[in-house]
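Counting from 1, the numbers follow the sequence of the chain as shown. The figures here come from the full heavy-atom set of this structure, side chains too, leaving out hydrogens, waters and symmetry mates. Predicted model, so just to flag it, every value in this text is computed and none were measured.
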Amino acid sequence: MKTIWVKADEGGKVTAAVEKEQYAIGMQAVEVDDGFELSTIDDYRLQEGQLVYTGEGTAAREEAEEKARADAER
């Protein structure tokens, strides 16, 4: 396990995340698996002090890619 620090809005959407404590002023510490990548943070929400997978970020990226492909085909 490793610690990351996150800041979330009132709905739990993560608005910032860092791996280095020196940059974590005002953020909440959260334990994650060693293989956790910050690049996937938009797929999670902070609930009761833990990150919960929602898949929102992946869904948004896939939708944007589909739209870009459709626009390119036109």
Side-chain angles (χ1 to χ4, degrees):
M1 297 293 279
K2 68 179 179 180
T3 303
I4 64 168
W5 290 265
V6 299
K7 183 181 274 188
D9 65 15
E10 291 178 6
K13 182 177 181 181
V14 177
T15 58
V18 296
E19 291 185 331
K20 298 185 185 234
E21 187 173 9
Q22 67 263 32
Y23 301 119
I25 296 171
M27 296 179 150
Q28 180 176 344
V30 178
E31 293 293 316
V32 295
D33 290 332
D34 288 333
F36 184 86
E37 295 289 331
L38 281 183
S39 62
T40 65
I41 197 70
D42 59 347
D43 280 331
Y44 294 84
R45 286 196 175 259
L46 186 63
Q47 295 178 351
E48 298 177 12
Q50 295 187 346
L51 291 179
V52 177
Y53 182 80
T54 63
E56 293 171 347
T58 297
R61 283 188 299 278
E62 288 173 353
E63 185 177 315
E65 288 171 2
E66 284 180 30
K67 184 180 182 318
R69 278 193 296 272
D71 289 347
E73 289 176 359
R74 288 186 213 162

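Under the side-chain hydrogen bond (donor to acceptor under 3.5 Å, both in side chains) criterion, Lys2 pairs with Glu19, not counting sequence neighbours. Take Lys20 and apply the side-chain hydrogen bond (donor to acceptor under 3.5 Å, both in side chains) test, not counting sequence neighbours, and it matches no residue.
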Indicate every side-chain donor-acceptor pair of residues 27-40 with a distance under 3.5 Å to a residue at least two apart or in another chain.
| residue | atom | partner | partner atom | Å |
| --- | --- | --- | --- | --- |
| Glu31 | OE2 | Thr3 | OG1 | 2.4 |
| Asp34 | OD1 | Met1 | N | 3.1 |
| Thr40 | OG1 | Glu37 | O | 2.8 |

Show every donor-acceptor pair shorter than 3.5 Å between a side-chain atom in residues 55-64 and any protein atom, with sequence neighbours excluded, or say none if there are none.
| residue | atom | partner | partner atom | Å |
| --- | --- | --- | --- | --- |
| Glu56 | OE1 | Arg45 | NE | 3.3 |
| Glu56 | OE1 | Arg45 | NH2 | 3.4 |
| Glu56 | OE2 | Arg45 | NE | 3.2 |
| Thr58 | OG1 | Asp43 | OD1 | 3.1 |
| Thr58 | OG1 | Asp43 | OD2 | 2.6 |
| Thr58 | OG1 | Arg61 | NH2 | 3.0 |
| Arg61 | NH1 | Asp42 | OD1 | 3.0 |
| Arg61 | NH1 | Asp42 | OD2 | 2.7 |
| Arg61 | NH1 | Gly57 | O | 3.4 |

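By the neighbour-count criterion of 12 heavy atoms within 6.0 Å, atom CD of Gln50 is sparsely surrounded, having that number or fewer from other residues, nucleotides or ligands.
Residue pairs meeting the salt bridge (Lys or Arg N to Asp or Glu O under 4.0 Å) criterion with at least one member in residues 65-74, sequence neighbours excluded: Lys67-Asp71, Asp71-Arg74. The ring pair (Phe, Tyr, Trp, His ring centres under 6.0 Å) pairs that include a residue from residues 49-74 are Tyr44-Tyr53, where partners are two or more places apart or lie in different chains.
Leu46 and Ile41 fall within the same hydrophobic cluster, where Ile, Leu, Val, Met, Phe, Trp and Tyr residues are linked whenever their side-chain heavy atoms come under 4.5 Å apart, directly or through other members.
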